[in-house]
Amino acid sequence: MKFPPNFLWGSATAAAQVEGAAHEDGKQDSIWDVFARVPGAIAHGDTPEVAADHYHRMPEDVALMKELGLNAYRFSTSWARIKPGDRDVNPRGLDFYSRLVDELLEAGIKPWLTLYHWDLPQTLQEKGGWANRDTAYRFCEYASVVHDALGDRVAHWTTFNEPLCSSLIGYASGEHAPGLRNPRAALAAVHHQHLAHGLAVEALRRGGAQQVGITLNLTNAIPNKPGDPADIEAARRVDALFNRMYLEPILMSRYPADLLVDVRDLGLAELIQDDDLQIIGAPIDFLGVNYYHDDNVSGHPLPADARPNLSPTYRLKASPFVGSEYVTFPSRDLPRTAMDWEVNPDGLRALLVRLGHEYPNLPPLYVTENGGAYDGDIVGNDGRIHDSDRTTYILRHVQAVADAIASGADVRGYFLWSLLDNFEWAWGYRKRFGIVHVDYATQMRTVKDSGLAYSSFIRNGSNAVAPD
Ligand code: FCB
């Protein structure tokens with residue numbers, strides 16, 4: 001496998017998923033702390049209160065990253081820790097991230113910072129959260145506070161992680177915090193997060209940031225039957241909502257015309273004020289791509305005997321596909337992870353290549369998340385975790401990245417999700433994505449075989465061979 005010189009090999013986590021210390025040193029509730037208290041919102045009643053206790057074990061975790069040979073670490077800062085209640089700056093909160101950054105630099109690991117990975121301060125939710133335009137301006141203030149404190153040491157700044165999830169899944173489907181099922185609010189959240197992104201890009205640049213970007217979760221929306229007009233139309237709608245509703249405003253200062261028609265009754269167009277799209281389309285220096293699976297889309301109802309969708313809880317949920325709620329996702333004959341997500345590494349190759357063809361001003365790409373949850377991560381008598389499915393998943397996707405580069409995609413790094421087993425949102429702690437196992441009773445860390453494989457791959461990268 002061939003990768004360009006200086007290609008970054010990293011791993012990723014997010015504040016609410018690993019830190020714990022949810023109410024320590026001045027941190028106050030984020031929407032995920034509050035959502036976790038709603039009966040039935042999170043599988044097994046799990047909460048982010050302790051998580052992987054990274055807040056207290058950070059030096060040990062950075063030492064582990066160093067041992068694994070990671071070049072970069074993607075983490076997020078918690079707004080509710082840095083500006084609890086979105087009020088005054090909490091120096092103890094900032095201090096945690098300052099120590100983390102110092103520890104990383106000391107270990108020779110590049111800090112890759114994300115400002116928003118879904119954990120809005122609850123006080124802002126009480127004022128409407130992302131459905132309220134004002135939240136975009138509050139985000140910009142928070143971004144500046146973080147940059148003022150860490151901008152001397154952190155080069156790469158990501159505004160948002162996967163805005164699709166924190167808008168459509170949080171406000172329309174109700175599976176994520178804040179747990180609403182309101183399509184109009186979901187589209188308002190989309191637009192206000194875009195605006196927040198644009199305002200923050202401008203503010204970070206004013207503060208001297210050189211590398212500013214955003215991370216999107218993107219998919220290939222494949223018509224179930226390639227010649228079936230209903231399936232083609234459904235795939236177009238999913239592509240609009242999943243990919244182009246984010247890519248076009250950010251890269252081209254416009255919403256897709258077909259999307260505006262699809263959602264015409266849901267108030268999106270009415271929210272766009274005069275300079276918004278100009279602000280949103282401020283040039284970025286890199287695009288983070290999170291990829292887990294493609295989507296096989298149909299415009300027909302699923303047959304009665306179709307494989308049911310896996311759902312984390314019994315709580316009532318709605319479709320996140322606002323204005324296109326009828327679309328279905330027939331199962332294909334592909335291997336699946338414990339999340340029930342299809343394993344299809346070639347989708348990653350195809351996606352990375354096609355982005356360059358579809359967006360002439362596409363900045364350099366980084367795969368900022370990719371990885372697999374598998375059941376059966378048990379520490380064996382030999383003290384090891386033989387997670388061969390995860391190893392295979394990783395090496396095949398890394399091969400797909402190499403193939404994309406060989407076909408002309410400008411990909412400059414790969415961050416594996418995740419460093420540690422962690423709080424997998426509505427799924428709680430039973431879905432494990434880590435290359436490092438966490439025993440939640442003792443917080444003991446054990447590097448899984450996949451972690452050892454990734455580590456040796458990083459060390460001998462270009463010679464490694466993916467298994468069949
Ligand atoms: C992504 C999220 C990340 C993690 C993975 C499995 O959608 O960004 O926090 O939960 O999925």
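FYI, side chains are in, hydrogens and waters are out, and symmetry mates aren't considered; it's all heavy atoms of this structure. Treat the numbers as computed from the prediction; the structure is a model and nothing was measured.
Side-chain polar atoms of His397 and Tyr414 form no donor-acceptor pair below 3.5 angstrom. Ser166 and Gln193 are linked by a side-chain donor-acceptor pair at a separation below 3.5 angstrom, with hydrogens and angles left out of the test. Checked by atom type, the side-chain pair Asn90/Asp25 shows no donor-acceptor distance below 3.5 Å. In the model, Arg153 has a side-chain atom that pairs as donor or acceptor with a side-chain atom of Ser98 under 3.5 Å. Side-chain contact annotation: His23 with Glu49, donor-acceptor N/O pair under 3.5 Å present. Under 3.5 Å, the side chains of Asp53 and Gln443 contain no donor-acceptor pair of N or O atoms. A donor atom on one side chain and an acceptor atom on the other are found under 3.5 Å apart for Asn220 and Asp294. Tyr366 and Thr215 share no donor-acceptor pair across their side chains, judged by distance under 3.5 Å alone. Between the side chains of Thr114 and Asn161, no donor N or O sits under 3.5 Å from an acceptor N or O.
Between Tyr393 and Trp341, the gap from one ring centroid to the other reaches at least 6.0 Å. Between Phe160 and Phe139, the distance separating the two ring centers is shorter than 6.0 angstrom. For Trp130 and Tyr116, the gap between ring centers is short of 6.0 Å. You'll find the ring centres of Trp32 and His176 inside the 6.0 Å limit. Aromatic pair Trp9/Phe457: centroids less than 6.0 angstrom apart. The aromatic ring centroids of Tyr429 and Phe423 lie less than 6.0 Å from each other.
Around atom CZ of Arg99, more than 12 heavy atoms belonging to other residues, nucleotides or ligands sit under 6.0 Å away.
Remark: the backbone N or O of Leu251 is paired with a side-chain donor or acceptor of Asn361 at under 3.5 angstrom. In terms of modelled atom types and a separation under 3.5 Å, the side chain of Tyr73 and the main chain of Leu113 share no donor-acceptor contact. Without hydrogens or angle criteria, Asn460 side chain to Ser456 main chain gives a donor-acceptor distance under 3.5 Å. A donor-acceptor pair under 3.5 Å is formed between the side chain of Asp382 and the backbone N or O of Arg384. Under a 3.5 Å cut-off, the side chain of Ser11 and the backbone N or O of Leu416 do form a donor-acceptor pair.
Of all non-hydrogen atoms in Gly434 and Ser450, the two that sit nearest each other are O-OG, 4.4 Å. Of all heavy-atom pairs between Val238 and Ala221, the closest is CG1-CB, 4.0 Å.
Using a cutoff of 4.0 Å between basic side-chain nitrogens and carboxylate oxygens, Arg390 and Asp377 are scored as salt-bridged. By the 4.0 Å N-to-carboxylate-O rule, Asp46 lies too far from Lys431 to be salt-bridged with it. Using a 4.0 Å cut-off between charged nitrogen and carboxylate oxygen, Asp410 and Arg412 count as a salt-bridge pair. In summary, Arg236 and Asp239 do not engage in a salt bridge, as defined by a charged side-chain N under 4.0 Å from a carboxylate O. Salt bridge status for Asp86 with Lys83: present, with a side-chain N to carboxylate O gap under 4.0 Å. The existence of a salt bridge linking Arg205 and Glu202 is excluded, since no basic side-chain nitrogen approaches an acidic carboxylate oxygen closer than 4.0 Å.
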Worksheet item: Would Asp276 and Arg133 count as a salt bridge (charged side-chain N to carboxylate O under 4.0 Å, His left out) if you check the C-alpha gap in whole Å, the side-chain angles of each, and the deciding distance to 0.1 Å?
Response: CA-CA 11 Å; Asp276 285 5; Arg133 185 175 168 98; 2.9 Å; yes
Item to complete: Evaluate side-chain contact (heavy atoms from CB on, under 4.5 Å) for Val201 paired with Ile284, printing each intermediate quantity in order.
Response: CA-CA 8 Å; Val201 169; Ile284 52 173; 4.3 Å; yes
Worksheet item: Can you list the steps and then say if Val190 with Leu268 is a side-chain contact (heavy atoms from CB on, under 4.5 Å)?
Response: CA-CA 9 Å; Val190 169; Leu268 174 61; 5.5 Å; no
Discussion item. Applying side-chain contact (heavy atoms from CB on, under 4.5 Å) to Leu277 and Tyr255, what does each step give before you reach the verdict?
Written reply: CA-CA 8 Å; Leu277 286 163; Tyr255 279 102; 4.0 Å; yes
Worksheet item: Would Glu369 and Arg74 satisfy side-chain contact (heavy atoms from CB on, under 4.5 Å), going step by step from the backbone distance to the final call?
Response: CA-CA 9 Å; Glu369 281 183 34; Arg74 175 175 179 257; 2.9 Å; yes
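Using a 30° and 60° split on the angle between ring planes, His194 and Tyr246 fall in the perpendicular class, above 60°.
Counting heavy atoms from C-beta on, the side chains of Tyr440 and Val438 come closer than 4.5 Å. Counting heavy atoms from C-beta outward, Leu115 and Trp157 have side chains that approach closer than 4.5 Å. A heavy-atom distance below 4.5 Å is not found between the side chains of Leu195 and Gln273.
Taking the ring axis of Tyr55 as reference, the NZ or CZ atom of Arg81 stays within 45° of it and closer than 6.0 Å to the ring centre.
Of the residues Thr391, Asp421, Asp387, the one that meets the side-chain hydrogen bond (donor to acceptor under 3.5 Å, both in side chains) test with Lys448 is Asp421.
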